Amino acid sequence: MHQLIAPSLITEHPELDILSTPAVLVGDIAHTRILVCAPTLPLHEAALLMTEAGVSSIVVVDGEDAVGIWTERDTLAVDFSS
(Lines give C-alpha, C1' and ligand atoms only; values in the text may rest on other atoms or scores of the structure.)
Protein backbone atom coordinates (compact mmCIF):
# COMPACT_ATOMS: atom_id res chain seq x y z
CA MET A 1 0.00 0.00 0.00
CA HIS A 2 1.36 3.41 -0.99
CA GLN A 3 1.08 6.39 1.30
CA LEU A 4 0.80 9.75 -0.38
CA ILE A 5 2.24 12.97 0.97
CA ALA A 6 -0.29 15.59 2.04
CA PRO A 7 -1.00 18.07 -0.81
CA SER A 8 -0.27 21.00 1.52
CA LEU A 9 3.25 19.68 2.07
CA ILE A 10 3.81 19.42 -1.70
CA THR A 11 2.54 22.98 -2.19
CA GLU A 12 5.04 24.21 0.39
CA HIS A 13 7.84 22.03 -1.06
CA PRO A 14 7.37 21.56 -4.84
CA GLU A 15 10.46 19.32 -4.97
CA LEU A 16 8.38 16.63 -3.18
CA ASP A 17 5.84 16.38 -6.02
CA ILE A 18 7.59 13.31 -7.43
CA LEU A 19 6.86 11.56 -4.12
CA SER A 20 3.11 11.77 -4.70
CA THR A 21 3.36 9.50 -7.76
CA PRO A 22 2.85 5.87 -6.68
CA ALA A 23 4.70 4.61 -9.77
CA VAL A 24 8.00 6.07 -8.56
CA LEU A 25 9.87 3.49 -6.49
CA VAL A 26 12.72 4.10 -4.09
CA GLY A 27 14.86 1.75 -6.17
CA ASP A 28 14.27 3.93 -9.22
CA ILE A 29 15.99 6.93 -7.64
CA ALA A 30 18.29 5.43 -4.99
CA HIS A 31 22.03 5.74 -5.34
CA THR A 32 23.65 2.45 -6.24
CA ARG A 33 27.11 3.46 -5.07
CA ILE A 34 27.04 2.86 -1.34
CA LEU A 35 29.83 4.24 0.83
CA VAL A 36 30.71 1.96 3.76
CA CYS A 37 33.08 2.06 6.70
CA ALA A 38 33.95 0.11 9.84
CA PRO A 39 32.60 1.27 13.21
CA THR A 40 36.18 2.00 14.26
CA LEU A 41 36.73 4.70 11.60
CA PRO A 42 37.33 8.11 13.21
CA LEU A 43 34.50 10.59 12.58
CA HIS A 44 36.70 13.09 10.79
CA GLU A 45 37.76 10.39 8.33
CA ALA A 46 34.13 9.37 7.70
CA ALA A 47 33.25 13.02 7.05
CA LEU A 48 36.20 13.34 4.66
CA LEU A 49 35.19 10.18 2.77
CA MET A 50 31.62 11.46 2.42
CA THR A 51 32.85 14.82 1.15
CA GLU A 52 35.25 13.26 -1.34
CA ALA A 53 32.56 10.87 -2.62
CA GLY A 54 29.95 13.63 -2.83
CA VAL A 55 27.43 11.66 -0.75
CA SER A 56 25.50 12.56 2.36
CA SER A 57 25.69 9.25 4.20
CA ILE A 58 27.93 6.32 4.98
CA VAL A 59 26.76 2.87 6.05
CA VAL A 60 28.58 1.50 9.08
CA VAL A 61 29.43 -2.18 8.50
CA ASP A 62 30.79 -4.62 11.07
CA GLY A 63 31.93 -7.72 9.23
CA GLU A 64 29.07 -8.47 6.85
CA ASP A 65 26.39 -6.75 8.96
CA ALA A 66 25.19 -3.20 8.46
CA VAL A 67 25.06 -1.85 12.00
CA GLY A 68 24.14 1.77 11.33
CA ILE A 69 24.24 4.78 9.09
CA TRP A 70 26.07 8.06 9.60
CA THR A 71 24.52 10.97 7.74
CA GLU A 72 25.52 14.48 6.78
CA ARG A 73 23.01 15.74 9.33
CA ASP A 74 24.73 13.68 12.03
CA THR A 75 28.06 15.17 10.95
CA LEU A 76 26.76 18.71 11.30
CA ALA A 77 25.99 18.05 14.96
CA VAL A 78 29.62 17.21 15.78
CA ASP A 79 32.07 19.88 16.90
CA PHE A 80 35.24 18.84 15.04
CA SER A 81 37.26 21.65 16.61
CA SER A 82 37.62 19.78 19.91
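As the structure is a computational prediction, the values presented were derived from the model and not from experiment.
- Closest approach of L35 and A53 over heavy atoms only: CD2-CB, 4.2 Å.
- Its side chain within the 4.5 Å cluster rule, V67 clusters with V60 among the Ile, Leu, Val, Met, Phe, Trp and Tyr residues.
- Residue S56 holds its OG atom at 10.5 Å from CG of L76, rounded to the nearest 0.5 Å.
- For the atom pair CG (D74) and OG1 (T71), the distance works out to 3.5 Å, reported to the nearest 0.5 Å.
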Steps toward side chain to side chain contact (heavy atoms under 4.5 Å, CB included) verdict (V78, W70): CA-CA 12 Å; V78 175; W70 182 258; 3.8 Å; yes
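- Transitive grouping of hydrophobic side chains (ILVMFWY, heavy atoms separated by less than 4.5 Å) brings I34 and V61 into a common cluster.
- Taken together through direct or relayed side-chain contacts under 4.5 Å among Ile, Leu, Val, Met, Phe, Trp and Tyr, V55 and L43 form part of one hydrophobic cluster.
- Minimum heavy-atom separation, M50 to E72: CE-N, 3.6 Å.
- For D65, there are no side chain to side chain donor-acceptor pair (under 3.5 Å) partners two or more places apart in sequence or in a different chain.
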